[in-house]
Amino acid sequence: MPVYQDKKTKKWLFRTYVDDIYGNHKQFERKGFATKKEAINAEISFKLADRSEISNMTFYELWLKYIEYKKLQLKSQSLRSVKSRFTNYILPYFKDYKLNKINSSIYIKWQIEIEKKDLNTNIMLVYMGLCLIY
């Protein structure tokens, strides 16, 4: 575990790498720990907290956070349109899935269902992508 002592302040810090939702490797650094043990424990809890939030969150929980965010950005008619498309075409399929369990095969099955209904898959893909980017 990369734990270091700052030579100027004599405080401890940790540096760790975490993969974001796009698979990019990002470095995080936290400073100001009085002891080495505190820095190690903080690093462990940082890594566990990052993973547990996503692994325990369902698609529906993400949707609720996303719609709260979008309320601030969209006019009422646009918000109604987004809500309608999500509740009719996306949520019925993905609602109970955990985010870390949604993979390409599940996504492709959903796409096939949308195409069978003769719906415009491009619009649905845009909405799905916007929610996951959030």
Side-chain angles (χ1 to χ4, degrees):
M1 294 191 194
V3 177
Y4 308 98
Q5 188 174 29
D6 188 345
K7 293 181 182 182
K8 289 181 182 177
T9 63
K10 302 296 183 197
K11 298 280 184 172
W12 289 87
L13 63 102
F14 72 84
R15 284 189 194 116
T16 187
Y17 290 90
V18 179
D19 293 333
D20 65 7
I21 59 172
Y22 305 110
N24 299 326
H25 216 54
K26 290 193 173 186
Q27 180 180 359
F28 290 91
E29 180 178 282
R30 299 293 185 261
K31 300 178 181 181
F33 301 101
T35 65
K36 184 176 182 178
K37 189 171 187 170
E38 283 180 22
I40 291 171
N41 289 337
E43 179 188 15
I44 291 169
S45 62
F46 177 82
K47 285 185 172 183
L48 291 176
D50 182 53
R51 289 190 181 141
S52 65
E53 181 183 349
I54 291 179
S55 63
N56 292 327
M57 186 182 286
T58 63
F59 189 86
Y60 183 71
E61 292 167 338
L62 177 66
W63 157 248
L64 293 176
K65 287 184 177 186
Y66 173 74
I67 205 63
E68 285 299 315
Y69 169 73
K70 289 309 261 184
K71 281 181 186 177
L72 304 173
Q73 294 182 329
L74 298 177
K75 294 180 180 178
S76 62
Q77 182 58 38
S78 298
L79 184 64
R80 212 171 326 164
S81 175
V82 168
K83 282 182 175 180
S84 172
R85 291 212 170 104
F86 260 93
T87 55
N88 292 329
Y89 305 114
I90 298 173
L91 284 179
Y93 195 82
F94 289 104
K95 183 178 184 177
D96 297 324
Y97 277 102
K98 299 276 186 183
L99 290 179
N100 64 344
K101 300 296 181 189
I102 298 175
N103 57 28
S104 59
S105 64
I106 293 169
Y107 183 74
I108 290 170
K109 287 177 187 175
W110 169 75
Q111 241 182 329
I112 291 169
E113 277 192 26
I114 293 296
E115 288 173 358
K116 284 181 185 175
K117 295 178 182 177
D118 288 331
L119 298 172
N120 186 345
T121 57
N122 291 336
I123 292 174
M124 298 306 146
L125 296 177
V126 167
Y127 283 121
M128 178 79 160
L130 288 175
C131 186
L132 291 176
I133 287 171
Y134 167 74

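Taking the side chain as every heavy atom from C-beta outward, T35 and I40 never approach each other to under 4.5 Å. Using a 4.5 Å cut-off on side-chain heavy atoms (C-beta onward), N41 and K37 make contact. Within the 4.5 Å cutoff, the side chain of Q27 has no heavy atoms near those of the T16 side chain. Between K65 and M57, the closest side-chain pair of non-hydrogen atoms falls below 4.5 Å. Within the 4.5 Å cutoff, the side chain of Y60 has no heavy atoms near those of the D96 side chain.
Of the inter-residue distances, the one linking Y107 atom OH with F94 atom CZ reads 7.5 Å to the nearest 0.5 angstrom. Taking CG of L13 as the start and CD of E38 as the end, the distance is 13.0 Å to the nearest 0.5 Å. Considering OG1 of T87 and CD1 of I67, their distance stands at 9.5 Å, rounded to 0.5 Å. We find the CH2-OH distance between W110 and Y89 to be 11.5 Å, quoted to the nearest 0.5 Å. A distance of 6.0 Å separates OH of Y93 from NZ of K109, quoted to the nearest 0.5 Å. Atoms NZ and CZ, on K31 and R15 in that order, are 7.5 Å from each other to the nearest 0.5 Å.
Y17 belongs to no multi-residue hydrophobic cluster, having no ILVMFWY side-chain contact under 4.5 Å with any other such residue.
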The test is side-chain contact (heavy atoms from CB on, under 4.5 Å); show your working for T58 and W63 and say whether it passes. CA-CA 9 Å; T58 63; W63 157 248; over 6 Å; no
Begin with the C-alpha distance, continue with both residues' side-chain angles, and end with the deciding distance and a verdict on side-chain contact (heavy atoms from CB on, under 4.5 Å) for Y66 and F86. CA-CA 11 Å; Y66 173 74; F86 260 93; 4.2 Å; yes
Only distances under 3.5 Å count here; give the side-chain donor-acceptor pairs of residues 3-10 to other protein atoms, sequence neighbours excluded, each with its distance to 0.1 Å.
residue: Q5; atom: NE2; partner: K10; partner atom: O; Å: 3.2
residue: D6; atom: OD1; partner: K8; partner atom: N; Å: 3.1
residue: D6; atom: OD2; partner: T9; partner atom: OG1; Å: 3.3
residue: T9; atom: OG1; partner: K11; partner atom: N; Å: 3.3

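Annotation: salt bridge (Lys or Arg N to Asp or Glu O under 4.0 Å) contacts of E68 (sequence neighbours excluded): K71.
The hydrophobic cluster containing V82 also contains L64, counting ILVMFWY residues as joined when their side-chain heavy atoms lie under 4.5 angstrom apart, directly or transitively.
With 3.5 Å as the limit, one finds a donor-acceptor pair spanning the side chains of Q73 and Y69.
Counting heavy atoms of neighbouring residues, nucleotides and ligands inside a 6.0 Å radius, atom CZ of F28 exceeds 12 of them.
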